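In listed order, ligands and their atoms are each counted from 1. Computation of the quantities below employed the complete heavy-atom set of this structure, encompassing side-chain atoms and omitting hydrogens, waters and symmetry-equivalent molecules. Remember, predicted model here, so these are calculated numbers, not experimental data.
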Amino acid sequence: TIGFGDSLLTPSPLQVFGQAKEQINNIFVDVQNYVHDAYERMIDVNNLCPGVINENELDSILDYRTQVRGICEVLTRDQMKVAFFGRTSNGKSTVINAMLGEKVLPSGRGHTTNCFLQVEGSPTGDAYLITEGSNEKQNIESVTHLAHALSNGKQLNEKELVHVYWPKDKCRLLSDDVALVDSPGIDVTQHLDDWIDAHCIDADVFVLVVNTDSLLSNTEKNFFHKVSTNLSKPTIFILNNRWDASANEPEFIDKFNSQEQEREQHMERATDFLVKELKVCTPEEVVSRVFFISAKEVLQARVEEHNGFPLNNGVLADGFDARYLEFEEFERRFEECISKSAIKTKFLNHSQQGKHIVKEMHKIMETIYKRIQEQTNLKTCQKYELQKKLNVIEQQLISITNQMKMKIQQMVDDVKDKVSKALND
Ligand code: GDP
């Protein structure tokens, strides 16, 4: 068991992502410095001894410098991304609001989400939205304001992505770098493939929100078949929403038994879909991927709690506590999965790229070093040869000098002889 003190020391799964992000960022700052230093040294060497480093090598280092700079930029922006799908009115926006703990996204009648909405932490602390292809920040003060901004602006295309930046201090998920993406109803589009390319490729977790009034539709199934052929083993959660409504249906006389049976039926279908059809999880994992919840109740309770009222103020439907606990269990499993998946997909890729760059640079630096060594050796040999030649010349000079000396001596002796002979005569 984890005590209060331990929980302060043990980071939550979402914090593990934050820590990994900080570590990999620091490593890439080191790599960036290394590439920069290497380039500067190469320029110095090139100036001192032109020809030792060839142009390809200089170009490669410049290329690596650009690549590392790009990775550093992406890394600072990396976040965990969860995308919500399901038919219109199944409760996608309500689930997102419940997770955020307040009404951020408009939901309900007249507020059908007709484009993709990505809620993420605001870098400035203010709430604002930015539509696709624009840099203009539209301030939003409330959910009504947001609904207004979304319906009043230019006609939004269903494929379009609107970024909703929300104050991080209002929600732990946002402060821990989670981005939540709401989508238009899966039943209203002909462009599922485009959706996958545009919004799913970098999602770490998918949440399918279904309505327990009906069974999984073919459109919902088809969409996830396409997702799982595009992404290897995506992490998919199924939320059977409106479980409160099911609990209160008057036609069930023996409510508990009926709901148990209904749950079993939904569970069986979800298991068949995730384990047998999509093959994205094992039969053991399914219990931590499929949940029966009421997003509306959780949202209501959290808003009340935020306003200082107790979680269950007595006006909620039967079985609220169990549904609330199940929603919390979903959030716990979700946090574990999203953190693991994001670390693996986002950072593994970057660290492999980083490793490749450092390895290639090491090879280039070694080649240059060897080349410099070879050239130094060659110069030493040339010096030795020259020295040998100089020695021979020196010897020759000595012998010539000696011969000259002898000749001069002979000449002097000759002259001496001749002079003394002349004097005697
Ligand atoms: P979306 O179109 O999938 O985003 O659905 P919304 O989140 O807009 O929800 C559609 C309607 O269903 C709204 O009126 C919600 O209040 C209602 N709703 C959402 N979740 C629940 C739930 O768990 N129980 C009940 N009874 N109603 C819900």
query = ligand 1 versus T94, non-hydrogen atoms closer than 4.0 Å: side chain, backbone, both, neither?
reply = both

ask   = Out of R242, K296, R87, E297, who gets a non-hydrogen atom closest to atom 12 (O) of ligand 1?
value = R242

Can a salt bridge be assigned to the pair [X] and [Y] using a cut-off of 4.0 Å between side-chain N and carboxylate O?
X: R333; Y: E329; result: yes
X: E262; Y: R242; result: no
X: E305; Y: R302; result: no

Please indicate whether any nitrogen or oxygen in [X] is less than 3.5 Å from any nitrogen or oxygen in ligand 1.
X: T88; answer: no
X: D182; answer: no
X: G91; answer: yes

inquiry  = With rounding to the nearest 0.5 angstrom, report the CG to CZ distance, L239 to F84.
reply    = 7.5 Å

Under 4.0 Å to a heavy atom of [X] - the qualifying atoms of ligand 1, by number:
X: S107; result: 6 (P), 7 (O), 8 (O)
X: K92; result: 1 (P), 2 (O), 3 (O), 4 (O), 5 (O), 7 (O)
X: A295; result: 23 (O)
X: D244; result: 22 (C), 23 (O), 24 (N), 25 (C), 26 (N)
X: S294; result: 22 (C), 23 (O), 24 (N)

Which donor-acceptor pairs under 3.5 Å do side chains of residues 54-74 form with protein atoms, sequence neighbours excluded?
| unit_1 | atom_1 | unit_2 | atom_2 | d |
| --- | --- | --- | --- | --- |
| N54 | OD1 | N56 | N | 3.3 |
| N54 | OD1 | E57 | N | 3.0 |
| E57 | OE1 | N54 | N | 3.0 |
| E57 | OE1 | R371 | NH1 | 3.2 |
| E57 | OE2 | R371 | NH2 | 2.8 |
| S60 | OG | N56 | O | 3.0 |
| T66 | OG1 | L62 | O | 2.9 |

key: Sole residue of D78, D202, D204 in side-chain hydrogen bond (donor to acceptor under 3.5 Å, both in side chains) with K346   = D204

Residues 174-181 side chain polar contacts: donor-acceptor under 3.5 Å, at least two apart:
| unit_1 | atom_1 | unit_2 | atom_2 | d |
| --- | --- | --- | --- | --- |
| S175 | OG | R172 | O | 3.0 |
| D177 | OD2 | K21 | NZ | 2.9 |

